[in-house]
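Structure, as structure tokens:
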Amino acid sequence: MTASLLDARGLVVRFGGVTALDGLDLSVNTGETVGLIGPNGSGKTTFFNALTGFVRIAGGRAQLAGADITGLEPRRIAARGIARTFQRLRLLLDLSVFDNLMLGQHLTLDHGLWSSVFARGRFAAAVRGQAEVARTLLAAFSPGLPARLFEPARALTMIDRRRVEICRALIRDPALLLLDEPSAGMTPDETAELMTDLLAVKARRPALTVVIIEHDMAVIERVSDRCVVLDYGRKLAEGSYAEVAADPVVRRAYLGED
Amino acid sequence: MTATIWPALAALLVSAAGVLGLLLAEKQWAVIAIVIAAGVAMLVATRLGWDDRIRRSGGAHACTVSGVALALVVATAFVLREHNFALLMLCTVLLTIVAGLGLTIQFGHAGVVNFAGAAFFGIGAYAAAVLATKTALPHPLVILAGGVCAALIGSVLVLPLLRTRGHYAALITIAFGILFKTFLEVNDTLGGPQGLKVPGFALLGHAFNDPIAIDDETEWSFYLAYAGLSLVIAAAAYVLVRRLERSWIGLAFDAVRLDETAAAAFGVNVAAWKIAAFSIGNFLIGLAGAAYAMMTGFVAPTSFTFGDSLILVSIVILGGLGNALGLVPAALIVVLLPEKLQAIQEYRFLLFALLVIVILLVRPGGLLPRPMRDYSAGEIR
């Protein structure tokens with residue numbers, strides 16, 4: 001039996017009178033890729049926000065590798081090894097691609113006042129080392145990206161921005177990667193390309209655990225080992241893509257068939 | 001391809017000549033001519049793309065160019081050695097740049113607003129007045145203590161500042177600035193509305209307030225010594241701010257300013273970095289205030305009004321928010337012009353307001369917009 005990396009039990013999140021998550025149970029095993037689907041407003045992004053500490057959890061608990069992370073601040077959860085992307089990209093567009101990736105490395109960098117001001121040689125060496133790490137990671141996604149390391153993120157196309165955001169989440173080698181609708185704003189071809197990259201990363205890092213929110217069912221079918229369907233903040237169905245897609249309850253709620 | 005050093009050197013020499021001319025000019029038409037020439041030069045340089053070449057050349061030869069800039073300030077001060085008023089102006093510009101550097105870290109880098117710059121300048125000034133009068137602390141330490149006091153008293157504002165954002169945070173700092181001035185006016189130990197006298201700076205037995213006697217006939221202005229002091233402080237503060245900007249600390253500041261959510265998602269302690277930026281900034285502003293008080297020999301509440309805080313903010317915006325180098329032209333304009341052009345003295349607040357509005361409309365990045373941090377060009381220093 002594989003150990004479960006993420007274990008959420010009875011998660012409740014309320015916004016005023018609206019219950020966004022209504023006692024959600026979800027566990028994810030180490031190395032697994034779970035696709036999270038459901039209609040708009042079914043609580044998928046809220047689930048991510050609850051896990052990463054951006055919304056208050058009103059009930060239930062979440063554990064990462066056996067340790068409780070319920071109610072921790074976002075930065076502490078990041079330190080436990082959860083990295084995420086955002087549905088609407090949150091790159092620092094005025095900064096270089098390199099600086100964006102270095103935000104992902106924040107917890108490993110030296111922020112000492114003295115060394116920052118006086119040990120410039122050490123800082124220069126750190127920049128060279130990190131630039132190498134960044135280039136290698138970017139090259140795994142697109143051969144053209146490493147050359148653009150010192151261009152502003154604003155100069156990149158949508159798909160490259162997505163790639164950089166995913167690299168920013170991957171650079172510190174997280175235990176759990178949360179991808180919030182990576183296909184948003186991209187063409188089907190671009191999405192397919194991005195998923196190929198993602199599968200390649202998964203092949204190299206078998207322990208990487210991924211939860212991916214996606215509307216594009218082709219993406220879910222292709223990348224996920226298991227599928228979880230949310231509706232009204234609850235788990236509606238769970239299983240392989242084929243099982244879930246065939247489930248009459250899911251078809252009614254999500255695909256709008258009766 | 002590496003850039004040659006010449007564009008940066010040429011720009012420096014032309015600027016230095018202009019500043020020297022402005023400081024020495026006595027006729028109003030001469031002042032106006034220099035200002036117009038500077039404006040035209042800036043426009044032409046931008047149109048022809050010279051600004052980019054100058055920046056790249058300066059970046060590739062940062063050490064030499066900084067050395068030359070330093071030497072040019074020393075040379076300017078030396079040329080002005082017998083002109084009290086011009087030297088006082090030079091010192092004021094340098095210390096204003098130091099205060100602007102503090103605000104640059106706060107506002108420009110970490111995005112923490114501070115509309116009480118003059119109050120923190122005042123804290124440094126009053127701290128210097130009290131410490132230099134009441135204690136035997138060596139004067140360099142008095143100036144450092146001025147900065148430390150400003151940073152410590154600033155920490156009173158930390159909690160309300162962290163709990164508010166945007167306009168509300170701005171209002172809190174405005175309220176603090178006004179409270180500070182009122183407090184000074186009613187506090188008799190600190191001299192009330194009359195203020196306090198501040199002893200002149202002394203280093204290793206040399207009193208900076210004594211004229212520098214060269215021989216029987218020639219005497220150099222005592223402000224020359226203060227120009228040296230101001231230059232040392234300004235150069236150190238500039239190097240500090242530039243190095244912090246180009247370090248992982250600077251990146252953390254930028255992340256906090258640009259996107260608190262993304263920053264927190266990657267482990268950035270947003271509150272701690274805001275406090276750090278606010279404190280370092282107030283330290284520099286207080287440092288400038290302490291040195292300024294020891295130079296002018298006098299502090300009073302009327303020098304630290306909300307209007308003065310606004311002037312500091314307008315310098316930072318005018319120069320290019322976040323760009324330390326932009327403070328130089330901005331401080332020159334804001335400090336020198338009203339002194340040199342008597343016609344505008346009365347209307348200076350109005351004119352600065354107009355200037356900031358025009359800059360924000362036609363050149364939103366400021367006179368010298370902050371370039372993106374780029375480690376691929378030149379060495380990291």
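The figures here come from the full heavy-atom set of this structure, side chains too, leaving out hydrogens, waters and symmetry mates. Not measured: the values here are computed from a predicted model. Labels below follow one simple rule: chain letters A, B, ... track the order of the sequence lines, proteins then strands, and each chain is numbered from 1.
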Note to self: If you count every heavy atom of other residues, nucleotides or ligands that lies below 6.0 Å from Arg205(A) atom CZ, does the total exceed 12?
What the structure shows: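 Result for CZ/Arg205(A): enclosed.
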
Check: With a cut-off of 6.0 Å (strictly less than), are more than 12 heavy atoms of other residues, nucleotides or ligands near CZ of Arg363(B)?
Finding: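 Atom CZ in Arg363(B) is packed in, count exceeds 12.
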
[X] side chain near [Y] side chain, heavy-atom distance below 4.5 Å:
X         : Y         : result
Arg90(A)  : Thr261(B) : yes
Leu103(A) : Asp254(B) : no
Leu95(A)  : Leu251(B) : yes
Arg120(A) : Arg246(B) : yes

Heavy-atom pairs under 4.5 Å with chain B are the metric here; pick the option from [options] that has the most.
options                                 : answer
Ala131(A), Pro152(A), Ala79(A)          : Pro152(A)
Arg168(A), Glu151(A), Arg172(A)         : Arg168(A)
Leu93(A), Asp110(A), Leu91(A), Thr52(A) : Asp110(A)
Leu107(A), Asn100(A), Asp94(A)          : Leu107(A)

Next item on the list: Start with the C-alpha gap between His111(A) and Trp273(B), add the side-chain angles, then the distance that decides, and say whether side-chain contact (heavy atoms from CB on, under 4.5 Å) holds.
Entry: CA-CA 11 Å; His111(A) 292 99; Trp273(B) 285 108; 3.6 Å; yes

Margin query: If you count heavy-atom pairs within less than 4.5 Å of chain A, which of Leu244(B), Asn269(B), Val270(B) leads?
Written below: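 Greatest number of close heavy-atom pairs with chain A: Asn269(B).
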
Checklist line | Side chain, backbone, both or neither of Ile249(B) within contact of chain A (heavy atoms, under 4.5 Å) | finding: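 Answer is both: backbone and side chain atoms of Ile249(B) are under 4.5 Å from chain A.
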
Notebook entry, point to check: Centres of the Trp248(B) and His106(A) rings: under 6.0 Å?
Noted result: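 Centroid separation for Trp248(B) and His106(A): 6.0 Å or greater.
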
Notebook entry, point to check: For Ala264(B) and Ala78(A), which heavy atoms make the closest approach, and how far apart are they?
Noted result: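 What the structure gives for the nearest pair is O-CB, 4.3 Å.
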
Notebook entry, point to check: What pair of heavy atoms forms the shortest contact from Phe266(B) to Ala83(A), and how long is it?
Noted result: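 Nearest heavy atoms, Phe266(B) then Ala83(A): CE2-CB, 4.5 Å.
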
Note to self: Apply side-chain contact (heavy atoms from CB on, under 4.5 Å) to residues Tyr375(B) and Asp99(A) and explain how you reach the verdict.
What the structure shows: CA-CA 10 Å; Tyr375(B) 298 115; Asp99(A) 277 354; 3.9 Å; yes

Check: About how many Å separate CZ of Arg243(B) and CZ of Phe118(A), when rounded to the nearest 0.5 Å?
Finding: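 Those atoms lie 7.5 Å apart.
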
Check: Which atoms of Phe86(A) come close to chain B, meaning under 4.5 Å heavy atom to heavy atom: side chain ones, backbone ones, both, or neither?
Finding: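 Only the side chain of Phe86(A) comes within 4.5 Å of chain B.
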
Item checked: Toward chain B, the part of Ile77(A) with a non-hydrogen atom under 4.5 Å ->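 Contact with chain B is absent: no heavy atom of Ile77(A) under 4.5 Å.
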
